[in-house]
There are 2 protein chains.
Amino acid sequence: MKLTSRSEYALLALVYLARHETEGFISIDVIATAQGIPPKFLEQLMLALKRAHFLRSAKGQKGGYQLAKRPDQISLAEVIRLFDGALAPTESVSLNFYESTPIEKEKKLTKVFKDIRDYVSQKLEKTTIADVIR
Amino acid sequence: MKLTSRSEYALLALVYLARHETEGFISIDVIATAQGIPPKFLEQLMLALKRAHFLRSAKGQKGGYQLAKRPDQISLAEVIRLFDGALAPTESVSLNFYESTPIEKEKKLTKVFKDIRDYVSQKLEKTTIADVIR
DNA sequence: ATAAATCCTATTGGTTTAGTAGGAATTTAA
DNA sequence: TTAAATTCCTACTAAACCAATAGGATTTAT
């Protein structure tokens with residue numbers, strides 16, 4: 001797994017929305033300004049998060065986004081998988097994004113990377129947005 | 001960290017050389033054929049491994065490559081860092097390849113990724129080519 | 001009506017990845 | 001002494017990916 005800006009910005013946006021959960025719909029511009037994210041870039045990420053049912057939106061004036069799930073029901077793993085794909089260090093040991101890669105035939109090598117995959121998934125699966133705010 | 005073909009092929013080549021440590025210099029074509037690596041691509045990797053002092057070479061007929069270190073003195077971490085850079089999931093938590101990234105200001109978030117970084121480095125640092133052969 | 005917002009797709013510029021190409025230099029063996 | 005086998009080295013390329021930017025369509029509140 002390699003974090004891209006997409007994932008990092010998406011996490012920051014979710015963290016912001018979680019911290020302002022009670023404030024109704026919040027616009028992209030407010031979040032972008034608060035978290036230092038290019039607004040038009042954030043727009044794409046928000047749309048993806050909405051389509052993946054992490055967010056709800058309202059159009060028009062007074063519109064914006066809000067969380068569609070409780071912060072403790074959004075794991076870092078889900079968000080990162082959405083934007084960056086496999087959590088595993090190489091796809092041949094990925095459960096969700098399997099593809100063949102050269103090291104596959106070396107069992108001892110794949111074992112090492114499976115151990116890493118397991119630690120990473122476990123860690124990101126159990127850590128939620130709720131753990132990150134405050 | 002995300003493993004590229006470069007790293008994977010390089011590891012396979014080192015594993016092959018470690019398994020044939022007593023057989024003198026071995027040519028790129030032999031390794032490429034045995035491990036299923038595009039030979040001209042492998043050539044570049046071998047050159048990099050040589051410049052990083054993992055390999056010795058001999059030119060000309062009967063030439064080729066051999067390990068310049070014992071297999072138990074070559075960690076997976078060193079090889080992967082050479083070809084793929086940071087082991088950390090994002091550069092803002094990397095000790096060897098630090099760069100600023102968006103999540104940096106969220107301490108709880110960086111903590112999670114530092115934990116991952118620590119597990120991954122520790123694992124790849126302590127696993128050597130010797131552990132992988134046989 | 002107008003302004004503010006999301007929705008949606010296309011485009012762009014730069015970088016990285018996974019090679020390929022080809023010539024120069026060196027060594028061995030016939 | 002010449003040919004073959006090898007490493008050495010750099011440049012090139014095609015495709016994919018990344019980090020945005022652009023701009024129009026739609027919806028809603030005032």
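A note on names: the letters A, B, ... follow the listed sequences, proteins ahead of strands, and every chain is numbered from 1.
- Rounded to a whole Å, the CG atom of B:Leu45 is 13 Å from the P atom of D:dC8.
- With DNA chain D read from its 5' end, the first of the two nearest nucleotides for B:Ser27 and A:Arg6 is the one closest to B:Ser27.
- Residue A:Ser5 has a polar side-chain atom (N or O) positioned under 4.0 Å from OP1 or OP2 of D:dA19.
- A:Lys105 NZ: more than 12 foreign heavy atoms inside a 6.0 Å radius.
- Nucleic acid contact class of B:Phe25 (heavy atoms, under 4.0 Å, all strands): none.
- Following rounding to the nearest Å, B:Glu43 (CD) and D:dT6 (P) show an atom-to-atom distance of 12 Å.
- Of the candidate nucleotides C:dA18, C:dG22, C:dA29, C:dA29 has the atom nearest to the side chain of B:Gln61.
- For B:Gln66 and D:dT7, the CD to P distance is 12 Å, given to the nearest whole Å.
- Aromatic ring orientation, B:Tyr119 versus A:Tyr119: parallel (interplanar angle below 30°, classes split at 30° and 60°).
- When the C1' atom of D:dC9 is taken as reference, atom CE of B:Met46 falls 16 Å away, rounded to whole Å.
- Atom CZ of B:Phe83 is separated from atom C1' of C:dA18 by 13 Å (rounded to the nearest Å).
- Summarising the geometry, the separation between OH on B:Tyr65 and P on C:dT27 is reported as 14 Å, rounded to the nearest angstrom.
- Residues B:Lys62 and A:Lys50 both approach DNA chain C. Their nearest nucleotides, taken by heavy-atom distance, put A:Lys50 toward the 5′ side.
- Rounded to an integer number of Å, the gap from CG of A:Leu47 to C1' of D:dG24 is 15 Å.
- The base of C:dC8 does not come close enough to the side chain of A:Gln44 for any donor and acceptor atom to sit less than 3.5 Å apart.
- Contact annotation: A:Tyr9 side-chain N/O to D:dC18 OP1/OP2 distance is not under 4.0 Å.
- Closest of all the heavy-atom pairs between B:Ala77 and B:Glu125 is CB-OE2, 3.3 Å.
- Of the candidates C:dA18, D:dT7, C:dT20, the closest approach to any side-chain atom of B:Pro38 belongs to C:dT20.
- Note: CZ (B:Phe41) to P (D:dT13) measures 18 Å, nearest angstrom.
- At a threshold of 4.5 Å between non-hydrogen side-chain atoms, the residues B:Gln73 and B:Thr128 do not count as touching.
- Taking 4.0 angstrom as the limit, A:Ser57 places a side-chain polar atom (N or O) nearer than this to OP1 or OP2 of C:dC7.
- In terms of phosphate contacts, B:Arg51 brings no side-chain nitrogen or oxygen within less than 4.0 Å of OP1 or OP2 of D:dC8.
- Residues B:Ile28 and B:Phe25 do not share a hydrophobic cluster, clusters being chains of Ile/Leu/Val/Met/Phe/Trp/Tyr side chains in contact below 4.5 Å.
- For A:Lys59, whose side chain is taken as the heavy atoms from C-beta onward, the closest listed nucleotide among C:dG19, C:dT6, D:dA19 is C:dT6.
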